[in-house]
Q: 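One structure follows; several queries about it will come next.
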Protein chains: 2
Amino acid sequence: MNSNPRLNAILIKIKKMGYSLTPQRLEIIKIISESKSHPSATDVYNKVKELYPMVSLNTIYKNLSMLASLHEVKEIKTMQDSVRYDGDISLHGHAICEKCGKIIDVEIDEFDFKGFFETKIKNKLDENYRIRNYGVEFYGLCGGCGKEDSPSKT
Amino acid sequence: MNSNPRLNAILIKIKKMGYSLTPQRLEIIKIISESKSHPSATDVYNKVKELYPMVSLNTIYKNLSMLASLHEVKEIKTMQDSVRYDGDISLHGHAICEKCGKIIDVEIDEFDFKGFFETKIKNKLDENYRIRNYGVEFYGLCGGCGKEDSPSKT
DNA sequence: TTATTATATAATAATAAATATTATATAAAA
DNA sequence: TTTTATATAATATTTATTATTATATAATAA
């Protein structure tokens, strides 16, 4: 097919679920599966427009929501602005800069997290609680933005 | 002063920062420091209105944002709707029901989290990265909402 | 005390992200 | 070809949040 395993996985899921693969949809999936920058819906929109100038923002939202409901993209809620989308659904967290909005992936060791989750979280919840998704975020100032601040005096 | 340590802590911070303590502000602080339900701005608005019917929603937002900037309340971004506010700033996570919106506190062991954070997160980021806040969320269906679903066949 | 200044609030307007609606286009099935 | 379903485009709507402006309240200075 192609050399992007995430793209392939999403295409297989799309097919399996019986959704049709339109050119716009394929382009959206390509963008989100290749991007490392956690784009917003508008970012994706602007990229898709390069190839399909008539595409509407609604189409972007519909497709990204659909992919999220399929758990093939992850929605990241930031503190200041719009939802950001992540085509990488592997276990990881995010460090979000509150100034420039940049989102950096934060590696999380699977063994550590599983242990943390299984022993510390799961048994604290009602046994009927069904967890479908998680989010681990750290908010602050990235290296670049932090430097511009006045240095702390204390 | 009174028997609510969170309320006291916030009042002291308010005074220390030189902000005046208006009746509306006091009421907002009381509500958020006593609530366990992670209310939205509108929820707080409706409660404050019981005592001050003329209060405006803007006043609620202004005060909650101010408290958030003082790190005396925590903003919780949910997947579906508006921002929720938490007067409990101690270390803990949240289990958020995607159906009814209910947010349950999830205890996190401080030692475990510190270890997880110090050894696994901190050294993965640029040394200049300044983390100011964190969020650990689990999204899913709470006990009540999960039961109403059709049971899985597989 | 009165005048001045700053801050908080109330009422309203504006913004912007996200969703809903409707009509058209495309594809699949009969 | 006709019918049906789905996806898209264009537009309108909703709603949370923020901005603006004017008023009210409190603090301070004269």
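Keep in mind that the numbers below use all heavy atoms, side chains included, and drop hydrogens, waters and symmetry copies.
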Q: Whole angstroms only, please: what is the CD1-C1' distance between Ile60(B) and dT17(D)?
A: 14 Å

Q: Both distances under 3.5 Å, Watson-Crick or G-U wobble: report the partner of dA30(D), or none.
A: dT1(C)

Q: Taking salt bridge (charged side-chain N to carboxylate O under 4.0 Å, His left out) as the test, write out the residues that go with Arg84(B), two or more places apart.
A: none

Q: Under the ring pair (Phe, Tyr, Trp, His ring centres under 6.0 Å) rule, collect the residues that match up with Tyr139(B), sequence neighbours excluded.
A: none

Q: So Glu72(B) and Met66(B), do their side chains get closer than 4.5 Å, heavy atoms only?
A: no

Q: Taking OH from Tyr45(B) and P from dT17(D), how many angstroms apart are they, rounded to a whole number?
A: 14 Å

Q: Between Pro53(B) and Gly18(B), just flag the one whose closest nucleotide in DNA chain C comes earlier from the 5' side.
A: Gly18(B)

Q: Using atom CE of Met66(B) as one end and atom C1' of dT9(C) as the other, report the distance to the nearest whole Å.
A: 13 Å

Q: Rounded to the Å, how far apart are Asn63(B) CG and dT17(D) P?
A: 15 Å

Q: Are OP1 or OP2 of dA9(D) and a side-chain N or O of Gln24(A) less than 4.0 angstrom apart?
A: yes

Q: Quick one, give me the B/S/- string for nucleotides 12-30 of chain C, reading 5' to 3', where B means a protein heavy atom under 4.0 Å from the base and S means that only happens at the primed atoms, P, OP1 or OP2.
A: -----SBBBB---------

Q: Glu27(A): which residues meet the side-chain contact (heavy atoms from CB on, under 4.5 Å) condition with it, sequence neighbours left out?
A: Lys30(A), Ile31(A), Val48(A), Leu51(A), Tyr52(A)

Q: Atom CD1 of Ile76(B) to atom P of dT17(D): distance rounded to whole Å?
A: 13 Å

Q: Does dA16(D) have its OP1 or OP2 closer than 4.0 Å to a side-chain nitrogen or oxygen of Ser40(B)?
A: no

Q: Using whole Å, report how far CZ of Arg25(B) lies from P of dA10(C).
A: 11 Å

Q: The criterion is ring pair (Phe, Tyr, Trp, His ring centres under 6.0 Å); which residues satisfy it with Tyr134(B), sequence neighbours excluded?
A: Phe113(B)

Q: Any link between Ile28(B) and Met54(B) through a network of hydrophobic side chains (Ile, Leu, Val, Met, Phe, Trp, Tyr) touching at under 4.5 Å?
A: no

Q: Would you kindly give the CG-to-P distance between Leu51(B) and dA10(C), to the nearest whole Å?
A: 12 Å

Q: Could you pull out all residues at least two apart from His71(A) that satisfy ring pair (Phe, Tyr, Trp, His ring centres under 6.0 Å)?
A: none

Q: By nearest heavy atom, map Arg84(B) and Met54(A) onto DNA chain D; which one lands nearer the 5' end?
A: Met54(A)

